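Just so it is clear, the model here is predicted, and its values are computed rather than measured. Residue numbers begin at 1 in each chain, while the letters A, B, ... track the order of the sequences.
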Amino acid sequence: MKPVVTRFPPSPTGFLHIGGARTALFNWLYARKTGGKFILRIEDTDEDRSTKESVDAILESLEWLGIDWDEGPYFQTQRKEIHDRYIEKLVKDGHAYYCACTPEEVNDMREQARTRGLKPMYNGRCRKRGLSNAPGTVVRLKTPGSGATVVQDIVKGDTAFQNAEIDDFIIRRSDGSAMYNLAVVVDDLTMGVNVIIRGDDHLINTPKQILIYQALGADLPVFGHVPMVLGPDKARLSKRHGAMSVSEYRDMGYLPDAVINYLVRLGWSHGDQEFFTRKELIEKFDLNHLGRSAGMFDIGRMTALNAKHIQAKPAAELVSPLLPHLKTLGIEAADDLFTRQVVETLQPRSRTLKDMAAAARFYYVDAPEMDEKAVAKFLTPEVCDMLNQAADAIDAVSEYTQPALEEVFKKIMADFNLGFGKIAQPLRVAVTGTTVSPGIFEMLLVLGKDRTVQRIRRAARLA
RNA sequence: GGUCCCAUCGUCUAGUGGUUAGGACGCCGGCCUCUCACGCCGGUAACCCGGGUUCGAAUCCCGGUGGGAUCACCA
């Protein structure tokens, strides 16, 4: 058994988007699962649109997702000599030829075919002219013209394309650069890529690529064309659907593990299982359970998964990814015990790290901002004495622990003849400024005795 | 328009000839409870349509409809 070699070949014309991340993921997972190799190759032959910034952004997003590569990044533009060598071999072997037809002439051919109700194609005029390489000529592949080329696809099954539908397409431009189909095949071939998982928008290119493999006398890789990711309007996901770059989700407070989990699950299944750790994904991913139909990107589902991943992780692992979100709110927190405890109290009630940062705010500010409605409702004159007594009693405990606090509250409940809820809620508002927070004990304990007492006294003055 | 792909609850999906069509997100109830969550329990909701094949089709075949992709000296 030859080891599996997969690859991800983004064009650096923008950020890494959700759809691209998903195909990268499928290839990466399969390589990792089988102990094979995963190659990163930048397809930058469209020099007008390719930018260095895009390359950097893509690499950064892949790294953030935890998708690492064993080889590369290779750059297609740096492989011109290799492409040339193969193109020349194709010409020498009679599988390709030089063509001097101008774009205008080819357009005319297409137009004529169209008016006669035929498929617009290049008519193969230069095929037998025996032209040699001259400025302005392109190289075309000699295609069969009859019969069929079958794509054996592991997700779509066998798909036959009539060769009569495929004209002698260009493999090298007049400026000497290789066309996409030639470049991919040569790169994949020379890099030893033997499993290709990509979007099904490439399915139609595949017969052309197979023709090149065959002309080169090479073995075919395994193809798997996965369906596209759709936006909420069921149209292919694009910029106008709003956020779709991986880095935006990072900024919105999603965990890489959650993004990965969601993306893989969108188009692949393992029975009824929804939640996967990264390790499980590598263990369980396979090519047999890739779905054939397009899936809609549903941020709600990803958010739900994110909440589960936040809950499942040890608090310590959440601290450093949380820090930037706190900083956005103007909070300079440190990766310390305090923040770890803050995180622990917020884990079950945060769907994103952004939510968590917002909910954590009261822990860090000197005086929490008091919500007017909460103050009006709970910090009434009647609770003033109760608050003062609570502050004094808490201040007086020798050990600031949950049992000690429970004792304090018990006494207050008896002294003022109030239920627990009647004292907890005013205290919550006193300490956090709002009616929503983690459990009263865990929160007070994390906040610390001094700040707790100080905040209750301040609230008593407001009451 | 030609070619190709696809079609199970609103969404993601399980299902490969015999199931009360299962799970998850969402939504709606309830329980738990110091708030909000978490968690737990229950409910809502689907096999695109029409023909076949078969004792029996969500599952197989054909046709339709709908959606998507692609038709470059872009990738």
Side-chain angles (χ1 to χ4, degrees), chain A residues 9-13 43-50 76 99 101-103 106-107 110 114 117-121 136-140 151 153 155-157 159-162 164-167 169-181 183-184 199-207 225 227-228 230 232 234-236 262 265-275 289 291-305 307-308 311 346-351 355 359 374 378 409 419-429 432 434-441 443:
Chain A
S11 344
T13 54
E43 310 220 320
D44 56 348
T45 44
D46 183 355
E47 295 189 38
D48 295 340
R49 295 191 299 149
S50 299
Q76 207 158 51
C99 165
C101 297
T102 64
V106 175
N107 276 339
R110 293 208 172 96
R114 217 189 312 266
L118 300 171
K119 189 182 168 81
M121 299 200 307
T137 60
V138 300
V139 178
R140 289 180 183 272
V151 179
D153 192 284
V155 355
K156 305 281 188 186
T159 304
F161 292 84
Q162 293 306 311
E165 298 280 334
I166 303 170
D167 66 1
F169 58 93
I170 295 175
I171 56 178
R172 185 166 72 188
R173 301 184 185 89
S174 53
D175 70 0
S177 60
M179 284 284 283
Y180 170 71
N181 283 312
V184 223
D200 68 6
D201 50 334
H202 284 282
L203 186 56
I204 291 195
N205 283 322
T206 310
H225 289 91
M228 312 260 73
L230 272 25
K234 297 216 176 200
R236 184 184 183 170
Y262 174 69
R265 207 38 203 76
L266 178 60
W268 174 81
S269 62
H270 187 260
D272 281 339
Q273 190 173 349
E274 301 285 349
F275 181 92
H289 295 85
R292 323 143 154 280
S293 54
M296 218 170 84
F297 182 75
D298 180 351
I299 193 156
R301 291 175 55 78
M302 188 163 87
T303 308
L305 235 21
K308 290 210 189 295
Q311 281 184 64
L346 263 12
Q347 268 175 295
R349 58 201 98 224
S350 305
R351 293 168 78 75
D355 288 352
F378 293 105
F409 291 171
F420 187 72
K422 291 290 181 195
I423 68 168
Q425 207 52 358
L427 281 170
R428 169 169 287 112
V429 175
T432 69
T434 72
T435 54
V436 175
S437 86
I440 199 89
F441 292 111
M443 169 181 81

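- Ring orientation note: the planes of A:Phe297 and A:Tyr262 are nearly perpendicular, at an angle over 60° on the 30°/60° scale.
- Judged by distance alone, with hydrogens and angles left aside, A:Glu274 brings a side-chain donor or acceptor within reach of the base of B:rG23, the pair sitting under 3.5 Å.
- The residue A:Lys119 sits close to a base: some heavy atom pair falls under 4.0 Å.
- Atom CD1 of A:Ile423 is separated from atom P of B:rU35 by 13 Å (rounded to the nearest Å).
- When heavy atoms are screened at a 4.0 angstrom cut-off, A:Gly439 is found touching base atoms of the nucleic acid.
- Atom-to-atom, CZ of A:Arg114 to P of B:rG1 comes out at 15 Å; the value is rounded to the nearest Å.
- Distance from the side chain of A:Met296 is smallest for B:rU11 among the nucleotides B:rU35, B:rA75, B:rU11.
- Rounded to an integer number of Å, the gap from CG of A:Asp153 to C1' of B:rA69 is 14 Å.
- With a cut-off of 3.5 Å on both pairing distances, B:rC47 has no Watson-Crick or G-U wobble partner at all.
- Minimum atom distance to the side chain of A:Arg351 is reached by B:rG26, of the listed B:rG23, B:rG26, B:rC74.
- Taking the C1' atoms as reference points, B:rG29 lies 44 Å from B:rA69, given to the whole Å.
- In this structure, A:Cys101 reaches the bases: a heavy-atom distance under 4.0 Å links it to at least one base atom across the strands shown.
- For the pair A:Pro12/A:Ser50, a side-chain contact is recorded, criterion being any heavy-atom separation below 4.5 Å from C-beta on.
- In summary, of the residues considered (A:Asp201, A:Thr206, A:Val155), a side-chain contact (heavy atoms from CB on, under 4.5 Å) with A:His225 occurs for A:Thr206 alone.
- In this model, the phosphate group of B:rC4 is not approached by any side-chain N or O of A:Thr159 to a distance below 4.0 Å at OP1 or OP2.
- Nearest nucleotide to the A:Asp298 side chain, out of B:rC73, B:rC34, B:rU11: B:rU11.
- Base contact: A:Asn205 has a heavy atom under 4.0 Å from a base atom.
- Counting heavy atoms from C-beta outward, A:Arg140 and A:Ile170 have side chains that approach closer than 4.5 Å.
- Look at the C1' atom in both B:rG67 and B:rU8: the space between them is 16 Å, to the nearest Å.
- The residue A:Ser269 sits close only to the backbone: its heavy atoms come under 4.0 Å of sugar-phosphate atoms, none of a base.
- Not one side-chain nitrogen or oxygen of A:Arg301 sits closer than 4.0 Å to the OP1 or OP2 atom of B:rG10.
- Across the P atoms, B:rG2 and B:rA45 are found 41 Å apart, a figure rounded to whole Å.
- Closest to the side chain of A:Gln76, out of B:rC34, B:rG23, B:rA75, is B:rA75.
- Residues A:Met302 and A:Pro438 both approach RNA chain B. Their nearest nucleotides, taken by heavy-atom distance, put A:Met302 toward the 5′ side.
- Within 4.0 Å (heavy atoms only), A:Thr435 reaches at least one base atom of the nucleic acid.
- With P as the reference atom, B:rC28 and B:rC36 are 15 Å apart, rounded to whole Å.
- The partner of B:rC74, taking Watson-Crick or G-U wobble pairs whose two distances both stay under 3.5 Å, does not exist in any strand shown.
- B:rA46 and B:rG68: their P atoms are spaced 25 Å apart (whole Å).
- The side chain of A:Thr45 approaches B:rA75 more closely than any other nucleotide in the set B:rC5, B:rC73, B:rA75.
- Using modelled atom types and a 3.5 Å distance limit, the side chains of A:Thr303 and A:Arg351 yield no donor-acceptor pair.
- No contact: A:Arg172 has no heavy atom under 4.0 Å from any strand.
- Looking at A:Ser437, its side chain has no donor and acceptor atom pair within 3.5 Å of the base of B:rC36.
- Here the side chains of A:Glu274 and A:Arg265 are in contact, with some heavy-atom distance below 4.5 Å.
- Rounded to whole Å, the separation between the C1' atoms of B:rU53 and B:rU44 comes to 36 Å.
- For a distance-only test at 3.5 Å, the side chain of A:Arg349 fails to qualify as a donor-acceptor partner of the base of B:rC38.
- Among the atoms of the strands shown, none is found under 4.0 Å from any heavy atom of A:Phe409.
- Across all strands shown, B:rU11 is found opposite B:rA24 as a Watson-Crick or G-U wobble partner, with both distances under 3.5 Å.
- With a cut-off of 3.5 Å on both pairing distances, the Watson-Crick or G-U wobble partner of B:rC60 is B:rG52.
- The distance between atom CG of A:Asp167 and atom P of B:rU70, rounded to the nearest whole Å, is 18 Å.
- A:Arg292 has no side-chain polar atom (N or O) that falls below the 4.0 Å cut-off from OP1 or OP2 of B:rU13.
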Below 3.5 Å between N/O atoms, which protein atoms pair up with nucleotides 39-47 of chain B? Just atom names and distances, please.
{"residue": "B:rG39", "atom": "OP1", "partner": "A:Lys308", "partner atom": "NZ", "Å": "3.3"}

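- Comparing B:rG63 with B:rC25, their P atoms are spaced 40 Å from each other, to the whole Å.
- Although no hydrogens or angles enter the test, the distance criterion places no donor-acceptor pair under 3.5 Å between the side chain of A:Gln425 and the main chain of A:Leu427.
- For A:Arg173 and A:Ser177, the side-chain atoms include at least one donor-acceptor pair closer than 3.5 Å.
- Within the 4.0 angstrom heavy-atom criterion, no nucleotide atom of any strand lies near A:Pro227.
- Looking at which nucleotide of RNA chain B each of A:Leu266 and A:Ile170 is closest to, the 5′-most match is held by A:Leu266.
- In this structure, A:Val184 and A:Gln76 approach most closely via the heavy-atom pair N-NE2, 4.0 Å.
- Checking B:rG39 for Watson-Crick or G-U wobble geometry (two distances, each under 3.5 Å) identifies B:rC31 as its partner.
- Atom name C1', nucleotides B:rA72 and B:rC12: the rounded distance is 36 Å, in whole Å.
- Within the 4.0 angstrom heavy-atom criterion, no nucleotide atom of any strand lies near A:Pro120.
- Closest approach to the A:Asp201 side chain among B:rC25, B:rU70, B:rA7 is made by B:rU70 (side chain taken as heavy atoms from C-beta onward).
- Nucleotide B:rC4 has B:rG68 as its partner under the Watson-Crick or G-U criteria, with both atom distances under 3.5 Å.
- Distances from the side chain of A:Pro348 to the nucleotides B:rG2, B:rC38, B:rU11 place B:rC38 closest.
- If you check every strand for non-hydrogen atoms under 4.0 Å, A:Gly419 touches nothing.
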